[in-house]
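Count residues from 1 along the sequence. Any value given below was found using the heavy atoms of this structure, including those in side chains, with hydrogens, waters and symmetry copies removed.
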Amino acid sequence: SALARLYLAAGHRVEGICRDEASCQQTRAALASGSFSARACDLSDPKAVDALGRDASAQEFDLAVFAAATLETGYVDQLDPAAYRRSLEVNFLAPMTLFSAMAKTPCKRFVFILSGAADLLIPGLSPYALSKRVLRDYLSILHMEESFPGCRILAVWPGQVATRINEKARKHGTFRAPPLKNPRAPEDVAARIVDAEVAGRKTLVLSSLPLLAGALQAGLCSGLFERLLRWHPAFRRH
């Protein structure tokens, strides 16, 4: 919504994809602009995503922002495999499918919202973290291959943002996510994304700590990080 407001204020026409019709109605009412339209699409449904991709690929557009995410929390032994399937569909397969359809010809500009949870693995967030990690690695491979060379892609690590994603999380078992600490305002993050995209940047990292810690976790310090996470009261198993 914060991104939509900025682009609407700059004179653009914006179309939003909402998870259901009720969300579309709420967003239309909140933005209250004749230049904004919205449609519902269940991004966990491959057939609905394929149809959306065919439709979107036939339309003219300047920029596509892949910001959708679903959060499922729980310890691995308390999770259903369906939690991983839903997370992969919404957080990776849907944006990948839509991008593949929309990036053919002529190629355009894209923004992908990633997450530090994909870099620094912590207990209780495995469906979200692993699906975001796949998206991160997909973009890395895409750049290594120089696939879709005419496309301009911005990958964003926004850090903690004051959205309602934790409220909307599907919770499994006894895990309870720790509260966000000093999250950024969505308006601030949106402004930084718009500026970086206009400048033609390839990456925007608003919180580097998870990336640095994740690199240490994946390297020689993996055992130390596991002990710290077991000891930390916010991540201790309940």
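Exactly one of Phe92, Tyr138, Phe99 qualifies for a ring-ring contact (aromatic ring centres under 6.0 Å, His included) with Phe112. That residue is Phe99.
A donor-acceptor pair under 3.5 Å links the side-chain atoms of Arg28 to the main chain of Ala38, judged by distance alone. Judged by distance alone, with hydrogens and angles left aside, the side-chain atoms of Lys181 form no donor-acceptor pair with the main-chain N or O of Gln160 at under 3.5 Å. Looking only at distances, a side-chain donor or acceptor of Asn91 sits under 3.5 Å from a matching main-chain atom of Thr70. Without hydrogens or angle criteria, Ser147 side chain to His143 main chain gives no donor-acceptor distance under 3.5 Å. Judged by distance alone, with hydrogens and angles left aside, the side-chain atoms of Arg184 form a donor-acceptor pair with the main-chain N or O of Leu206 at under 3.5 Å.
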Worked verdict on Asp62 versus Lys108 for side chain to side chain contact (heavy atoms under 4.5 Å, CB included): CA-CA 6 Å; Asp62 296 316; Lys108 301 292 198 310; 5.9 Å; no

Assess whether salt bridge (charged side-chain N to carboxylate O under 4.0 Å, His left out) is satisfied between Arg133 and Asp119, documenting all intermediate values. CA-CA 7 Å; Arg133 180 170 280 210; Asp119 299 277; over 6 Å; no

Working for side chain to side chain contact (heavy atoms under 4.5 Å, CB included), residues Asp137 and Leu135: CA-CA 5 Å; Asp137 291 348; Leu135 180 61; over 6 Å; no

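The two residues Ala40 and Glu21 have their closest heavy-atom pair at CB-N, 3.7 Å. A pairwise comparison of heavy atoms in Ala101 and Ser57 identifies O-CB, 3.2 Å as the closest pair. Nearest heavy-atom pair across Ser33 and Leu8 is OG-CD2, 3.8 Å. Heavy-atom minimum distance, Ser1 versus Leu31: O-CD2, 3.9 Å. Between Ser87 and Ala83, the shortest heavy-atom distance links the atoms OG-O, 2.9 Å. Minimum heavy-atom separation, Pro158 to Val156: CD-O, 3.4 Å.
Linking Ile, Leu, Val, Met, Phe, Trp and Tyr whenever their side-chain heavy atoms come within less than 4.5 Å puts Ile113 and Val14 in one cluster. No continuous path of ILVMFWY side-chain contacts below 4.5 Å connects Val65 to Phe148, so the two sit in separate hydrophobic clusters.
Annotation: side chain of Leu71 is in contact with side chain of Leu125 (closest heavy-atom distance under 4.5 Å). Taking the side chain as every heavy atom from C-beta outward, Tyr84 and Glu72 never approach each other to under 4.5 Å. Leu79 places a side-chain heavy atom less than 4.5 Å from the side chain of Ser126. Taking the side chain as every heavy atom from C-beta outward, Pro183 and Val161 never approach each other to under 4.5 Å. Side-chain contact check for Trp157 versus Leu204: every heavy-atom pair is 4.5 Å or farther apart. Taking the side chain as every heavy atom from C-beta outward, Leu154 and Lys202 never approach each other to under 4.5 Å. Side-chain contact check for Leu120 versus Ile122: some heavy-atom pair is nearer than 4.5 Å. Side-chain contact check for Arg54 versus Asp50: some heavy-atom pair is nearer than 4.5 Å.
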Atom pairs and distances, side-chain donor-acceptor, residues 191-198, under 3.5 Å, sequence neighbours left out:
| residue | atom | partner | partner atom | Å |
| --- | --- | --- | --- | --- |
| Glu197 | OE1 | Arg109 | NH2 | 2.6 |
| Glu197 | OE2 | Arg109 | NE | 2.9 |
| Glu197 | OE2 | Arg152 | NH2 | 3.0 |

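For Gln59, the CD atom sits in a packed shell: over 12 heavy atoms of surrounding residues, nucleotides or ligands are nearer than 6.0 Å. The environment of Arg19 atom CZ is sparse: at most 12 non-hydrogen atoms of other residues, nucleotides or ligands sit within 6.0 angstrom.
Residue pairs meeting the disulfide (SG to SG under 2.5 Å) criterion with at least one member in residues 33-94, sequence neighbours excluded, do not occur.
Note: Gln25 CD to Cys18 SG = 10.0 Å, rounded to the nearest 0.5 Å. Note that the CD atom of Gln78 and the OG1 atom of Thr73 stand 10.0 Å from one another [nearest 0.5 Å]. In this structure, Arg13 CZ and Phe61 CZ are separated by 11.5 Å, a value rounded to the nearest 0.5 Å. Rounding to the nearest 0.5 angstrom, the gap separating the CG atom in Leu139 from the CG atom in Leu114 is 6.0 Å. In this structure, CG on Leu142 lies 11.5 Å from CE on Met96, to the nearest 0.5 angstrom. A distance of 9.5 Å separates OG in Ser131 from CG in Leu93, rounded to the nearest 0.5 Å.
A side-chain donor-acceptor contact under 3.5 Å links Asp20 and Ser23. Counted by atom type alone, Ser35 and Tyr7 present zero donor-acceptor pairs between their side chains at under 3.5 Å.
Ion pairing between a basic and an acidic side chain is recognised when a charged N comes within 4.0 Å of a carboxylate O; Asp55 and Arg39 show such pairing.
Using a 30° and 60° split on the angle between ring planes, Phe66 and Phe110 fall in the parallel class, below 30°.
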